[in-house]
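Just below is one structure, and these are the notes that go with it.
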Amino acid sequence: MTAYPPISEQLADLEDAQTEGRRKMDWAAQHMPIMEAVGEEFEAAQPFEGERIAMAMHVEAKTAILVETLADGGAEVAVTGCNPLSTHDDVSAALDTHENITSYAKRGVDDEEYYAAIEAVIAHEPTVTVDDGMDLVAAIHEDYPELIDGIVGGAEETTTGVHRLRAMDEDGALEYPVFAVNDTPMKRLFDNVHGTGESSLASIAMTTNLSWAGKNVVVAGYGYCGKGVAKKAAGQNANVIVTEVEPRRALEAHMEGYDVMPMAEAAEVGDVFLTTTGNRDVVVKEHFESMKDGILLANAGHFDIEIDLEALDDLAVDRYEARDGVEAYELEDGRRLNVIAEGRLVNLAAPVSLGHPVEVMDQSFGIQAVCVREMLEHSDEYGAGVHDVPDELDKEIAEIKLEAEGVDFDSLTDVQREYMGSWDHGT
Ligand code: RBV
């Protein structure tokens, strides 16, 4: 195993970084009532005593609150990033000061350092893994299978990670239980829709200083993330064009009032292209060839595979940094196609990006936290494979949030419950 150093051994102005990181975390924590409630419970009950939790996530302020909450619940936590550009070094440094936390996350790492940090986390011999994108599960299964016996289970944050896990499970290759956190209502109806919608558009606007109003915004993929992006872009007076491969989703977008067309047609008219499919090769050479001068290309999917930047590079006669976070590719005929944040997930990887809003991450991380608790408390109930999060846990998080928001809601009467549970009430 490697001896990749924690962030504290990598930063020059360590004390300043720690102070600033803590300040960012304090702000986030003030807006995370779910994590506050769950944290109080964990601190009293110490459910993670003796556990070693390995995490690969976007290490910024909200994530740091999750990491700290698990550590304050008794765990030893080792954490690194899940994207080379999404780490906030100051937050990583602040986390590393906690006596139960080692943080290896650093912004701007190359491929080799990225995986060395993953290995450094795995070297802590985890009993639980918490992933965003499945890199830990993959590395453990591929390179450290001897650790699997000691792993109670894991939790996965994102659509792409759950997709990979389900493929692995279908192949019979997943050897410990993992909760599909992404698939819960409390995650995807809020984080994927509102979180991705708001933070992607905000990051693009801040990075470019350009308006949405009057633009043709091409949203590739009309899943939960695409729905959020489309809705928020329309809300900012853009003309939204949706591309899809799934007939019912294409129809849904059409009935929502968006233009639906193949990417080959959208390429000719789009001003901004934002991919949210989770698949590769969504915007490719033939599309670049017909795009207008000055267009923006950005990706909100987990991996940087949706826009074929190699093909774009081949077409380009020149390439330069037009602004912080914007790379202009100039083509032979003078057209400039502008790629934001290297085609990596734009809401976290652009220099100004802050990730999803705090409120939605409070929900997502609330579920992560109770999933880790559940996996350890009822480990005998979960065999190897992907598991849906028990609905009761999801409701528990919703109820904490509603209470914090001061929102009261109804409950069923006994008669109503009996009615809903029976099949013999006809006309
Ligand atoms: N995401 N994390 C943040 N910590 O600021 N923002 C978004 C953050 C997660 C989100 O839950 C999504 O599923 C995943 O990042 C994609 O990698």
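Both ligands and their constituent atoms are indexed starting at 1 by order of listing. Note that the structure is predicted; figures quoted are calculated from it, not measured.
Residue Asn182 places no heavy atom under 4.0 Å from ligand 1. At a 4.0 Å cut-off, not a single heavy atom of Met57 sits close enough to ligand 1 to count as contact.
When heavy-atom distances to ligand 1 are checked against a 4.0 Å cut-off, Asp132 comes that close only through its side chain, counted from C-beta outward. Counting heavy atoms closer than 4.0 Å to ligand 1, residue Leu345 contributes side-chain atoms (C-beta onward) but none from N, CA, C or O.
Looking only at heavy atoms of the protein, atom 6 (N) of ligand 1 is closest to His356 N, 3.0 Å.
At a cut-off of 3.5 Å, with distance as the only test, a side-chain donor of His356 or Ser199 sits close to an acceptor on the other residue. With 3.5 Å as the limit, one finds a donor-acceptor pair spanning the side chains of Asn299 and Thr275. Using modelled atom types and a 3.5 Å distance limit, the side chains of Ser92 and Ser103 yield a donor-acceptor pair.
Partner Asn239 forms a side chain to side chain contact (heavy atoms under 4.5 Å, CB included) with one of Val218, Asp271, Asp259 and no other, that one being Asp259.
Close contacts between ligand 1 and Gly355 involve ligand atoms 5 (O), 6 (N) [criterion: under 4.0 Å to a heavy atom]. Close approach of ligand 1 to Lys187 is summarised as follows: ligand atoms under 4.0 Å from at least one heavy atom of the residue are 11 (O), 12 (C), 13 (O). The atoms of ligand 1 that sit less than 4.0 Å from any heavy atom of Leu354 are 5 (O). Counting the atoms of ligand 1 from 1 in the order shown, those under 4.0 Å from a heavy atom of Thr63 are 4 (N). Residue contact check: Thr158 has heavy atoms under 4.0 Å from atoms 12 (C), 13 (O), 14 (C), 16 (C) of ligand 1.
A salt bridge is defined here as a Lys NZ or Arg NE, NH1 or NH2 lying under 4.0 Å from an Asp or Glu carboxylate O, and Glu256 with Lys231 fails to meet this definition.
Between Tyr176 and His141, the ring center distance clears the sub-6.0 Å criterion.
Among Glu60, Met361, Arg188, His302, the residue whose heavy atom sits closest to atom 17 (O) of ligand 1 is His302. Across Lys62, His58, Glu157, heavy-atom proximity to atom 11 (O) of ligand 1 is greatest for Glu157.
Using the six-membered ring where Trp is involved, His124 and Tyr104 have ring planes that are perpendicular, over 60° apart on the 30 and 60° scheme. Ring geometry, Phe179 versus Tyr382: the interplanar angle exceeds 60°, so the pair is classed perpendicular (tilted spans 30 to 60°).
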